[in-house]
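A short worksheet on the structure shown next.
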Amino acid sequence: MKPETATIVDRTAPAHLNDHDLVPHQIVPGVLYEKKPAKRPDGSVAEGLFNVWITLDNQKQYNSYTTEMVKGVIMGFREASNARDVVSVVFTGAGDKAFCTGGNTKEYAEYYAGNPQEYRAYMRLFNDMVSSILGCDKPVICRVNGMRIGGGQEIGMAADFSIAQDLAKFGQAGPKHGSAPIGGATDFLPVMIGCEQAMVSGSLCEPWSAHKAARVGIIMDVVPALKVDGKFVANPLVVTDRYLDEYGRIIHGESKTGDELMKGKDLLKQGTIDLSLLDAKVEEVCAKILMTFPDCFTKTIQELRKPKLNAWNANKENSRDWLGLNMMTEARTGFRAFNEGPKDEREIDFVALRQALAKGAPWTPELIESLIPKAKG
Ligand SMILES: CC(C)(COP(=O)(O)OP(=O)(O)OC[C@H]1O[C@@H](n2cnc3c(N)ncnc32)[C@H](O)[C@@H]1OP(=O)(O)O)[C@@H](O)C(=O)NCCC(=O)NCCSC(=O)C1=CCCCC1=O
């Protein structure tokens with residue numbers, strides 16, 4: 001700070017600062033809260049200013065969030081939102097496999113399945129988590145360190161900016177596992193990418209590459225993460241060197257096929273993952289934010305959040321109720337199937353379910369058991 005500014009600050013700043021926090025200064029296991037020095041675009045440290053990193057840390061379960069972790073995320077965003085010395089919030093996951101794959105399917109299957117009133121109470125917390133991101137008084141940058149699936153995609157899309165390493169995948173899982181992606185995806189996707197592509201991404205559960213997510217507008221940027229022989233290479237599983245196929249259809253970011261895909265998989269095996277370019281890009285955006293007027297920046301993002309926020313606020317209470325009741329039927333079946341089924345068979349027999357319902361069969365425990373894949377032998 002310049003000496004004359006420091007003198008003015010000494011004279012005018014209150015001697016005692018009120019604490020506006022409602023929460024204890026503690027984040028739960030599974031959610032890390034870390035203050036890192038804010039840096040100017042030239043890399044020099046801006047004394048006394050910080051960026052907060054909120055990290056989902058449940059790597060064994062792909063950083064899926066348990067009920068306790070949801071509480072931790074809410075508290076983390078609240079704390080960062082209130083902190084006077086915090087410029088930006090970086091929301092990320094531990095490791096390089098997943099940012100987050102949504103709600104914890106083990107907890108869903110073993111605690112919430114068949115327990116709608118409990119899941120409804122959980123959904124109050126989940127809704128508050130999404131709202132805490134959309135209402136954060138600091139800009140939120142999602143550092144997409146790996147796949148962003150299901151509720152992970154929803155809390156990621158609630159952030160203001162997303163930057164991904166290019167091996168990350170993006171998409172929904174609900175309609176395959178017994179849920180509807182109404183924890184934000186059905187609200188955010190249409191305003192972010194238009195109704196048609198929102199329909200594709202939200203309902204068909206086919207993950208998109210990071211390159212495709214950047215192309216359609218779900219994320220702001222993408223950086224390579226795979227290093228082969230000491231050099232960064234683009235995700236070798238998707239097309240990144242051509243925009244159109246011979247018929248003029250866009251193929252950039254689409255999955256390779258055949259021999260090309262096999263070669264890509266071989267290359268992937270040879271390499272190691274290095275997230276240094278991701279971190280550099282995240283720092284670059286944080287530094288750009290640092291070099292703005294704080295209130296004007298905040299007002300700008302608050303206005304730009306409104307299309308997402310308005311859709312979210314219009315639907316979140318109904319969504320919560322529907323998801324609670326759905327824990328009696330499809331979620332009860334689908335999440336148990338994912339949790340209990342053999343590794344290679346974690347989805348129910350969708351045709352058998354549709355056939356049973358076409359005959360008017362009720363949702364009995366026997367029906368549910370019969371639909372869940374069992375280990376053979
Ligand atoms: C497609 C996957 C994300 C990744 O598949 P793959 O790369 O094949 O890895 P896996 O072997 O499946 O996973 C590695 C281990 O992580 C465990 N895992 C992964 N995701 C979760 C999770 N969400 N909860 C708990 N554990 C998880 C997995 O079991 C493996 O461990 P193991 O010990 O078994 O080897 C695939 O993993 C996948 O589809 N995951 C589940 C995604 C999902 O259904 N998420 C919940 C969606 S619903 C949701 O999030 C909601 C949010 C709020 C509103 C309501 C709602 O439904």
Side-chain angles (χ1 to χ4, degrees), residues 1-2 5-6 8-9 12-14 16-23 25 27 31-42 44-55 72-92 99 127-144 154-164 184 187-188 191-192 217-221 279 281-314 316:
M1 207 185 282
K2 284 184 187 166
T5 314
I8 295 168
V9 171
T12 57
H16 168 78
L17 292 177
N18 284 348
D19 184 356
H20 299 125
D21 265 329
L22 282 177
V23 296
H25 192 97
I27 311 296
V31 181
L32 310 176
Y33 183 96
E34 192 185 354
K35 269 170 123 175
K36 298 192 184 195
K39 292 183 187 152
R40 298 184 183 84
D42 66 6
S44 62
V45 168
E47 288 294 323
L49 296 174
F50 301 89
N51 297 316
V52 159
W53 283 44
I54 296 176
T55 305
V73 174
I74 299 167
M75 289 196 279
F77 273 95
R78 185 61 174 264
E79 190 171 332
S81 187
N82 272 339
R84 296 172 182 83
D85 53 2
V86 168
V87 180
S88 295
V89 180
V90 176
F91 190 25
T92 191
F99 162 68
N127 282 0
D128 286 352
M129 170 165 69
V130 174
S131 296
S132 74
I133 302 166
L134 285 165
C136 184
D137 282 343
K138 308 295 157 69
V140 181
I141 299 146
C142 183
R143 172 185 175 272
V144 192
E154 296 180 310
I155 57 177
M157 287 192 295
D160 301 310
F161 306 91
S162 288
I163 304 164
D187 303 308
F188 306 151
V191 299
M192 291 172 84
I218 289 180
I219 60 176
M220 73 169 271
D221 210 345
D279 291 339
K281 195 76 202 176
V282 167
E283 279 296 335
E284 189 185 309
V285 174
C286 289
K288 285 184 185 174
I289 293 169
L290 174 70
M291 305 309 281
T292 61
F293 276 107
D295 265 9
C296 292
F297 193 91
T298 305
K299 179 63 180 162
T300 305
I301 61 171
Q302 281 170 342
E303 292 302 317
L304 289 169
R305 282 173 183 169
K306 277 186 180 165
K308 288 198 274 188
L309 190 64
N310 290 342
W312 169 245
N313 283 337
K316 66 182 183 194

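Values reported hereafter were calculated over all heavy atoms of this structure, with side chains retained and with hydrogens, waters and symmetry mates removed.
Counting heavy atoms from C-beta on, the side chains of Trp312 and Asn127 come closer than 4.5 Å. Side-chain atoms of Leu290 and Leu49, non-hydrogen and from C-beta on, do get closer than 4.5 Å to each other. Side chains of Val31 and Thr55 form no contact here, defined as non-hydrogen atoms less than 4.5 Å apart. In this structure, Ser162 and Ile218 have side chains that are not in contact, with every pair of non-hydrogen atoms separated by 4.5 Å or more. Under the 4.5 Å side-chain criterion, counting only non-hydrogen atoms from C-beta, Leu32 is not in contact with Trp53.
Taking CG of Leu134 as the reference point, atom CG of Asn313 lies at 8.0 Å (rounded to 0.5 Å). Atom CG in Asp85 sits 12.0 Å away from atom CD in Glu47 (nearest 0.5 Å). Atom CD1 of residue Ile133 and atom NZ of residue Lys308 lie 9.5 Å apart, to the nearest 0.5 angstrom. Interatomic distance, Met220 CE to Cys142 SG, rounded to the nearest 0.5 Å: 12.5 Å. In this structure, CD1 in Ile289 is found 7.5 Å from CD1 in Ile301, a value given to the nearest 0.5 Å. Interatomic distance, Gln302 CD to Cys136 SG, rounded to the nearest 0.5 Å: 10.0 Å.
For CD of Glu303, the number of neighbouring non-hydrogen atoms (other residues, nucleotides, ligands) closer than 6.0 Å is greater than 12. By the neighbour-count criterion of 12 heavy atoms within 6.0 Å, atom NZ of Lys35 is densely surrounded, having more than that number from other residues, nucleotides or ligands.
The closest donor-acceptor contact from the side chain of Asn51 to the backbone of Lys36 lies at 3.5 Å or more, if one exists at all. The backbone N or O of Arg78 lies less than 3.5 Å from no partner atom in the side chain of Ser81, so there is not a single donor-acceptor pair. Judged by distance alone, the side chain of Asp160 and the main-chain N or O of Val140 form a donor-acceptor pair under 3.5 Å. Formation of a donor-acceptor pair under 3.5 Å by the Arg143 side chain with backbone atoms of Thr92 is not found in this model. Arg40 contributes no side-chain N or O that, together with a main-chain N or O of Ala287, makes up a donor-acceptor pair within less than 3.5 Å. The main-chain N or O of Val86 is found under 3.5 Å from a side-chain atom of Lys138 such that the two form a donor-acceptor pair.
Between Phe91 and Phe77, the ring-plane angle classifies as perpendicular under the 30° and 60° cut-offs.
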Using the side-chain contact (heavy atoms from CB on, under 4.5 Å) rule, take Val73 and Ile155 through it: C-alpha gap first, then chi angles, then the decisive distance, then the call. CA-CA 10 Å; Val73 174; Ile155 57 177; 6.0 Å; no
Determine whether Glu284 and Lys288 satisfy the following criterion, side-chain contact (heavy atoms from CB on, under 4.5 Å), listing intermediate values before the conclusion. CA-CA 6 Å; Glu284 189 185 309; Lys288 285 184 185 174; 3.8 Å; yes
Go through the steps for Val87 and Cys286 under the test side-chain contact (heavy atoms from CB on, under 4.5 Å), then give the verdict. CA-CA 8 Å; Val87 180; Cys286 289; over 6 Å; no
Pair Val130-Lys316, side-chain contact (heavy atoms from CB on, under 4.5 Å): steps then yes or no: CA-CA 10 Å; Val130 174; Lys316 66 182 183 194; over 6 Å; no
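The shortest heavy-atom contact between Ile163 and Val282 is CD1-CA, 4.0 Å. Closest approach of Gly76 to Ile54, counting heavy atoms only: C-CD1, 3.5 Å. Glu154 and Phe188 get closest at one heavy-atom pair: O-CE1, 3.6 Å. Nearest heavy atom pair, residue Val191 against residue Pro307, reads CG1-O, 4.1 Å. Here the shortest heavy-atom pairing between Asp187 and Ala311 reads OD1-O, 3.3 Å.
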